[in-house]
Participant: 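First the structure, which I've put down as structure tokens, then a few questions once you've had a look.
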Amino acid sequence: MLATIYTGSRPSQQQGSSQEQDKITVVASFYPLYEFASRVGGDRAEVSSLVPAGVEPHDWEPTPQDRQRVQSASMLVINSAGFESWADDMEANIVVNTSEGIELEHDDEGEGEEEDNDEHGHEGGVNPHIWLDPVLAKHQVEKIRDAMVSADPANANYYMEDADRFAAELDSLDAFIELELADCGKSDFVAFHDAFAHFAERYGLTQHSIHGASPEGEILPQRMQEIIELASELDINVIYSEDLIDSRLADTIAGEIPDGRVLVLSPIEGIDREEQQAGIGYIDKMKENVADLKVGLECRQQQ
Ligand SMILES: [Zn+2]
């Protein structure tokens, strides 16, 4: 269970509780980092998310109040790798860059690409969706742990134990995914946007996507036609939609494919309030993704 409620807004200050005042205040940029920071910080950290629950973070921009909130917090936790373009001029006591140290490949397959963007339009030419690979997510957790330990050394053991516990869950998740996807009829899938590149690389799959870097924006009829042809070439009949966007585009494409259907593959870029109240988090969402992916990839049930 998460230590604080993910509303995106700053949790109310408890009055007269010295314990509350002793807590480190952590502002995470968007959902997965909010959960990772909450898991590591436990009762010793007051964690909030800048991007509110249920809001797609790609095109999100901070308000002046958000900037103030970050300034007064002990630390700002970001994904970086081009995901939070607004973070560059954000004033913060400490900025925890959770992708620092991860070797991210520049995607240079595209032809005639823009200077700083790859074929999918990722800023800086790297795909930022590292949290969808549990092994890379573990690295993010370690960066958060190190930052909390140095900000609050008196509670170092506490943060280290919490981080170890969560890292063990991520290891189990990695093993679970490996096993679940061990025996599949297909290895290609069509995601809604280019969020599963690192996931696909980790598990030996090939991701195709309707949208590029962000799930929002216009899709030209030509692109839709390309996806329909690709699906027919690869004998794909599942088109994946997402949880925070309108599924009509995916529905339209699936309607043009023999036996076409739409399932959801969540990029876990946000969790809505209902899910949160039901106690659903990152690991549950990853397992839901795997279950839906197994349908599209025609995987055999594991014992
Ligand atoms: Zn994304």
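Side-chain atoms are counted along with the backbone in the values below, which use heavy atoms only and exclude waters and symmetry mates. As the structure lists them, so they are numbered: ligands from 1, and atoms in each ligand from 1.
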Participant: Tell me which one of F196, F199, F83, Y31 satisfies ring-ring contact (aromatic ring centres under 6.0 Å, His included) with W131.
Facilitator: F83

Participant: Quick check: does D194 have an N/O/S atom under 2.8 Å of the Zn ion (ligand 1)?
Facilitator: no

Participant: Could you walk me through whether H193 and H208 satisfy the ring pair (Phe, Tyr, Trp, His ring centres under 6.0 Å) test, starting with their C-alpha distance in whole Å, then the side-chain angles of each, then the deciding distance to 0.1 Å, before giving a yes or no?
Facilitator: CA-CA 8 Å; H193 85 288; H208 306 273; over 10 Å; no

Participant: Within 45 degrees of the ring normal and closer than 6.0 Å to the centroid, is that where the cationic atom of R44 sits relative to Y158?
Facilitator: yes

Participant: Taking T98 for its side chain and I78 for its backbone only, find out whether a donor-acceptor pair lies under 3.5 Å.
Facilitator: yes

Participant: Can you give the angle H129 NE2 - the Zn ion (ligand 1) - H193 NE2, rounded to 10°?
Facilitator: 110°

Participant: Restricting to N, O or S atoms of E269, which is nearest to the Zn ion (ligand 1)?
Facilitator: OE2

